Amino acid sequence: MTESAALDSAADAAVGAAAERLHAALVENRPCAPVRDLIGDRDITLAYAVQQQLNAHRLEAGAVVVGRKIGATSVAVQQQLGVDTPDLGVLFDDMEYDASAPVDISGLLQPKVEGEIAFVLGADLDQGDLDLEQVAAAVAYAVAAIEVCDSRIADWDISFADTVADNASAGGYVLGTDRRTLDGSDGRGAFVPKDAAMTMTVTGQDDSVGTGAASLGDPLIALQWLARQARDLGDPLRAGQVVLSGALGPMRPAAPGADVELAIDGLGSVALSFSKKES
């Protein structure tokens with residue numbers, strides 16, 4: 001065996017072990033140790049390979065991909081998580097919550113919430129230059145969204161590689177019902193994501209405030225980054241998918257019994273509550 005083949009074999013083994021560690025945490029609903037001891041803390045290629053294997057388990061169990069999420073797009077969240085670049089994860093059909101009923105917090109490990117703008121795509125983003133004009137034209141509409149982040153890594157002790165491997169710490173989300181087009185074709189004028197002001201309140205905590213500009217300067221830039229990354233990874237964005245474009249302010253912990261209310265200028269509001277722990 002050549003040295004390169006040995007290294008490839010070792011990398012494959014490390015990726016497999018990391019994916020199994022995270023999958024066990026997901027299935028058993030218990031936090032696990034970080035996986036950076038297996039794949040390093042900055043190896044993006046290995047981290048996404050772990051994510052793909054982890055998500056393959058969900059697909060095999062019958063889950064359906066409905067979209068993507070972009071993580072660590074704001075300076076505030078990057079500082080909280082100790083990372084300095086965005087990442088991406090996959091949204092599955094069982095991740096969308098119904099705002100009319102409390103989220104069962106027993107099914108989550110250590111949830112935190114973020115206020116975001118979600119884009120629902122009306123066209124594939126798999127061809128061409130994927131410039132901002134093309135990306136914006138592919139958006140059917142935008143809505144307010146609360147993302148529930150949930151790390152499988154104990155105590156959120158994550159490096160960049162850990163959160164990428166862990167499907168970008170995806171947990172769930174709820175979408176608002178006030179749909180806005182970017183070009184004003186809905187008769188309400190063009191919606192400009194980067195200028196939208198956001199306020200998120202969470203029971204017992206300081207408000208999380210920000211604007212669309214907090215997400216890489218413009219949520220459309222974040223969407224463009226995602227479209228290019230997803231295509232490079234061989235799984236481009238498709239029409240009908242939901243994209244959570246990144247936090248507009250700091251994330252907040254979601255304690256049992258907490259109520260979350262999000263308001264974004266031009267997109268209205270959406271709320272979510274969490275169940276209390278059983279006694």
Side-chain angles (χ1 to χ4, degrees), residues 15-32 35 39 46-72 86-114 116 118-122 124-126 140 143 145-153 156 158 161-176 223 226-227 229-246 254 270 272 274-275:
V15 166
E20 288 306 315
R21 182 183 296 178
L22 290 167
H23 182 239
L26 179 66
V27 171
E28 298 169 16
N29 199 34
R30 58 161 180 78
C32 66
V35 296
I39 62 172
L46 291 185
Y48 278 115
V50 174
Q51 182 186 123
Q52 289 173 343
Q53 286 196 22
L54 174 65
N55 289 340
H57 287 298
R58 299 196 68 162
L59 293 171
E60 290 167 1
V64 177
V65 175
V66 297
R68 303 294 181 82
K69 63 154 290 183
I70 313 168
D87 62 0
L88 65 88
V90 174
L91 301 178
F92 293 99
D93 56 338
D94 60 355
M95 288 183 174
E96 184 172 5
Y97 297 126
D98 182 350
S100 66
V103 173
D104 181 5
I105 202 162
S106 68
L108 299 166
L109 293 173
Q110 41 195 354
K112 298 184 180 185
V113 291
E114 296 178 337
E116 307 193 11
F119 297 116
V120 177
L121 300 181
D124 294 348
L125 285 171
D126 61 342
V143 294
I146 298 170
E147 180 183 358
V148 180
C149 302
D150 193 28
S151 178
R152 266 56 62 178
I153 306 297
W156 280 88
I158 56 176
D162 290 309
T163 188
V164 169
D166 187 26
N167 195 27
S169 304
Y173 65 94
V174 61
L175 300 180
L223 177 58
L226 173 64
Q229 289 291 112
R231 187 171 66 177
D232 288 348
L233 289 169
D235 190 12
L237 301 180
R238 299 297 184 186
Q241 291 188 335
V242 176
V243 174
L244 302 180
S245 64
V270 61
L272 191 64
F274 291 84
S275 65

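The first residue of the sequence shown is numbered 1, and numbering continues consecutively from there. Computed from a prediction, not measured in an experiment: that's the story for all the values here.
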Exercise. Go through the steps to decide whether Thr163 and Ser151 satisfy the test side chain to side chain contact (heavy atoms under 4.5 Å, CB included), and finish with yes or no.
Key: CA-CA 7 Å; Thr163 188; Ser151 178; over 6 Å; no
Quiz item: Given the rule in the side chain to side chain contact (heavy atoms under 4.5 Å, CB included) test, do Arg238 and Leu121 qualify, once you have shown the distances and angles that lead to the verdict?
Solution: CA-CA 7 Å; Arg238 299 297 184 186; Leu121 300 181; over 6 Å; no
Practice problem: Could you walk me through whether Arg58 and Met95 pass the side chain to side chain contact (heavy atoms under 4.5 Å, CB included) test, one step at a time? | Solution: CA-CA 12 Å; Arg58 299 196 68 162; Met95 288 183 174; 3.2 Å; yes
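Between Arg231 and Asp126 no salt bridge is recorded (no basic side-chain N to carboxylate O distance below 4.0 Å).
Nearest approach of Ala18 to Val50, heavy atoms of both residues: CB-CG2, 3.8 Å. Nearest heavy-atom pair across Val174 and Ala99 is CG2-CB, 3.7 Å. Across all non-hydrogen atoms, the minimal contact from Leu244 to Ala145 is CD2-CB, 3.9 Å. Heavy atoms only, all atoms of each residue included: Ala161 and Ile39 are closest at CB-CD1, 4.1 Å.
Residues Val66 and Phe92 are not in side-chain contact: their nearest non-hydrogen atoms beyond the backbone lie 4.5 Å or more apart. Val103 has its side chain within reach of Leu108: a pair of non-hydrogen atoms, C-beta onward, lies under 4.5 Å apart. A 4.5 Å side-chain heavy-atom check between Leu22 and Val35 finds at least one atom pair inside the cut-off. Using a 4.5 Å heavy-atom threshold, the side chains of Val113 and Phe274 count as touching. Counting only heavy atoms from C-beta outward, the side chains of Tyr173 and Ile146 never approach each other to under 4.5 Å. At least one side-chain heavy atom of Arg68 sits less than 4.5 Å from a side-chain heavy atom of Leu237. In this structure the side chain of Asp150 never reaches within 4.5 angstrom of the side chain of Lys112, judged on heavy atoms. Between Val243 and Leu226, the closest side-chain pair of non-hydrogen atoms falls below 4.5 Å.
In this structure, the side chain of Gln110 engages the main chain of Ile153 through a donor-acceptor pair within 3.5 Å. In terms of modelled atom types and a separation under 3.5 Å, the side chain of Lys69 and the main chain of Ala168 share a donor-acceptor contact. Between the side chain of Ser245 and the backbone N or O of Leu223, no donor-acceptor pair lies under 3.5 Å. Without hydrogens or angle criteria, Asp93 side chain to Ala63 main chain gives no donor-acceptor distance under 3.5 Å. A donor-acceptor pair under 3.5 Å links the side-chain atoms of Glu116 to the main chain of Gly246, judged by distance alone. A donor-acceptor pair under 3.5 Å is absent between the side-chain atoms of Ser275 and the main chain of Pro102, judged by distance alone. Within the 3.5 Å criterion, the main-chain N or O of Val148 finds no donor-acceptor partner in the side chain of Tyr97.
The CG atom of Leu109 sits 11.0 Å away from atom CD of Glu28, with the distance rounded to the nearest 0.5 Å. Remark: Leu54 CG to Gln51 CD distance equals 7.5 Å, nearest 0.5 Å. Here the SG atom belonging to Cys32 is positioned 6.5 Å from the CZ atom belonging to Arg21, to the nearest 0.5 angstrom. Going from atom OH of Tyr48 over to atom CG of Asp232 covers 11.0 Å, rounded to the nearest 0.5 Å. Annotation: the span from Asp87 atom CG to Ser169 atom OG amounts to 7.0 Å, rounded to 0.5 Å. Note that the CG atom of Asn55 and the CD atom of Glu60 stand 11.0 Å from one another [nearest 0.5 Å].
Checking Asn167, Asn29, Asp166 one by one against Arg152, the side chain to side chain donor-acceptor pair (under 3.5 Å) holds for a single residue, Asp166.
No hydrogens or angles considered: a donor-acceptor pair under 3.5 Å links the side chains of His57 and Glu20.
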